[in-house]
Chemist: 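What follows is a structure written as C-alpha cells; I'll ask about it next.
The residues of the chain are indexed from 1 along the displayed sequence. Values reported hereafter were calculated over all heavy atoms of this structure, with side chains retained and with hydrogens, waters and symmetry mates removed.
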Amino acid sequence: MAADDWSDFEFERKFLLADGVPALTDADPFPDVVVQSYLLSQDGYAVRVRIHGPAPAGIRGLGSAAEVIDAIGENITLATMTAKGPAAGGTRYEAERELDPLVASRMVGFGHHLVTKVRHSLWLDADGWIIDEFLLENAPLVIAEVERGGPVTDLIIPDFCTTEVSEDDRFRNENLALTPYRGWHESHRRELAITGPRFLHGLGQNRLPG
C-alpha cells in the first residue's frame with residue numbers, strides 16, 4: 001500500500017453525549033435506523049454486517065431488533081459487510097463492501113450480537129457529524145462521531161459533547177453488542193463524575209465552537 005493510500009482506514013473521533021440527543025438534530029428530518037450484527041469481535045478485530053433504512057415512525061417503541069428489521073422491511077438503502085482492525089489515535093483499519101440488501105438483512109436477522117440505533121446526520125463548521133441514538137439494550141447511550149479522510153486534528157468540539165470516548169474500548173460497537181450499555185451506564189456515570197471529561201491530546205488543538 002502506498003504511504004498516502006488511506007482507502008482502507010477510517011479516521012474518526014467519538015464523544016459521549018450525556019444529556020441525550022441535542023435539539024439541533026431536528027435539522028435532519030430523515031434520520032436512518034441502523035441494525036448491525038457482529039460475526040467476530042476479539043482483540044480489537046471485528047467483522048460486521050449492517051443494514052440502513054429510513055427510520056419508521058414509532059421506532060423507539062419497538063421491543064427487539066427483529067421488530068426493527070421487520071419495520072425496515074424492503075426499504076434498505078445500504079447494506080455492507082465490514083472488517084475492522086484495532087484502533088489507535090483515532091485511526092482504524094477498515095475494509096468494507098456492499099452486499100445485496102436481502103442477503104444482508106437475513107444475515108443480520110440471524111445474528112446474536114446486535115446493535116440498533118437511530119442515526120442523525122448534520123454539518124457543523126467544516127465537519128460532517130453523525131449522532132447515534134442507541135436503542136434497546138444500549139439505550140440511553142448517545143454517541144457523536146466525526147470522520148474525515150485523514151487524521152481528525154484541530155477539531156472544533158461541539159458543546160454538547162460531554163467527554164471523548166475515541167479510545168475507550170467499552171464504547172466500540174462490537175463491544176456494545178456483547179456488553180450492552182444499559183448494564184453499566186450507571187457505574188460509568190459515577191465514574192465520569194469522579195474523573196471529569198477527557199479529550200484526546202496530540203491531535204492538534206481541541207477547540208470550542210464560536
Chemist: Is any side-chain heavy atom of Leu192 closer than 4.5 Å to one of Leu16?
Modeler: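 The answer is yes; the side chains approach within 4.5 Å.
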Chemist: Hey, what do you get for CD1 (Ile157) to CH2 (Trp129), rounding to the nearest 0.5 Å?
Modeler: 6.5 Å
Chemist: According to side chain to side chain contact (heavy atoms under 4.5 Å, CB included), who are the partners of Tyr93, at least two apart in sequence or on a separate chain?
Modeler: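 Tyr93: side chain to side chain contact (heavy atoms under 4.5 Å, CB included) contacts with Asp8, Phe9, Ala95.
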Chemist: With a 4.0 Å cut-off, would you call Lys84 and Glu10 a salt bridge?
Modeler: yes
Chemist: Could you work out, with side-chain hydrogen bond (donor to acceptor under 3.5 Å, both in side chains) as the rule, every residue matching Arg189, not counting sequence neighbours?
Modeler: Glu186
Chemist: When you measure from the side chain of Asp168 to the backbone of Arg170, do you find a donor-acceptor pair of N or O atoms at a distance under 3.5 Å?
Modeler: yes
Chemist: Only distances under 3.5 Å count here; give the side-chain donor-acceptor pairs of residues 107-118 to other protein atoms, sequence neighbours excluded, each with its distance to 0.1 Å.
Modeler:
from	atom 1	to	atom 2	distance (Å)
Lys117	NZ	Asp132	OD2	3.2
Lys117	NZ	Asn173	OD1	2.9

Chemist: May I ask you to decide if Phe11's main-chain N or O and Arg148's side chain share a donor-acceptor pair within less than 3.5 Å?
Modeler: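 No: the side chain of Arg148 does not pair with the backbone of Phe11.
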Chemist: Rounded to the nearest 0.5 Å, how far apart are CD1 of Ile131 and CG of Leu24?
Modeler: 6.0 Å
Chemist: Are any non-hydrogen side-chain atoms of Ile72 and Val33 less than 4.5 angstrom apart?
Modeler: yes
Chemist: My understanding is that a hydrophobic cluster links ILVMFWY residues whose side chain heavy atoms are under 4.5 Å apart, including indirect links. Using that, what else belongs to the cluster containing Tyr45?
Modeler: none
Chemist: Only pairs under 3.5 Å count here: list side-chain donor-acceptor contacts from residues 47-61, not counting sequence neighbours, and write none if there are none.
Modeler:
from	atom 1	to	atom 2	distance (Å)
Arg48	NH2	Thr82	OG1	3.1
Arg48	NH2	Glu96	OE1	3.3
Arg50	NE	His52	NE2	3.2
Arg50	NH1	Gln36	OE1	3.2
Arg60	NE	Glu133	OE1	3.4
Arg60	NE	Glu133	OE2	2.8
Arg60	NH2	Glu133	OE1	3.0

Chemist: If we ignore hydrogens and angles and just use 3.5 Å, is the side chain of Thr80 paired with the main-chain N or O of Glu98 as donor and acceptor?
Modeler: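 Answer holds: no.
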Chemist: Under the salt bridge (charged side-chain N to carboxylate O under 4.0 Å, His left out) test against Arg13, which residue among Glu164, Glu147, Glu145 passes?
Modeler: Glu164
Chemist: So if you build clusters from Ile, Leu, Val, Met, Phe, Trp, Tyr with side-chain heavy-atom gaps below 4.5 Å, do Ile143 and Leu178 land together?
Modeler: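 Different hydrophobic clusters.
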Chemist: Which label fits Tyr181 and His185: parallel for a plane angle under 30°, tilted from 30 to 60°, or perpendicular past 60°?
Modeler: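 Ring orientation, 0 to 90° scale: tilted.
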Chemist: Taking the six-membered ring for Trp, is the centroid-to-centroid distance between His188 and Phe171 below 6.0 Å?
Modeler: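 Yes, the ring centres sit under 6.0 Å apart.
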Chemist: Determine yes or no for a side-chain-to-main-chain donor-acceptor pair under 3.5 angstrom, with Asp28 supplying the side chain and Ser121 the backbone.
Modeler: yes
Chemist: Just by distance, do the side chain of Asp100 and the backbone of Val103 share a donor-acceptor pair under 3.5 Å?
Modeler: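 Indeed, once roles are kept as given, a pair shorter than 3.5 Å links the two residues.
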Chemist: Under 4.5 Å between any side-chain heavy atoms of Phe160 and Thr25, yes or no?
Modeler: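 Phe160 does not reach Thr25 side chain to side chain.
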Chemist: Within the structure provided, determine whether Leu17 and Val21 are in side-chain contact (heavy-atom separation under 4.5 Å).
Modeler: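 No - every pair of side-chain heavy atoms lies 4.5 Å or more apart.
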Chemist: Kindly list each side-chain donor-acceptor pair under 3.5 angstrom involving residues 193-205, sequence neighbours excluded, with atom names and distances?
Modeler:
from	atom 1	to	atom 2	distance (Å)
Thr195	OG1	Glu191	O	3.2
His201	NE2	Phe199	O	3.4

Chemist: Within the 4.5 Å heavy-atom criterion, are Asp43 and Pro86 side-chain neighbours or not?
Modeler: no
Chemist: Count the heavy atoms belonging to other residues, nucleotides or ligands that lie under 6.0 Å from CG of Asp19, then report whether that count exceeds 12.
Modeler: no
Chemist: Step by step, would you call Asp127 with Ile156 a side-chain contact (heavy atoms from CB on, under 4.5 Å)?
Modeler: CA-CA 9 Å; Asp127 283 306; Ile156 299 175; 5.9 Å; no
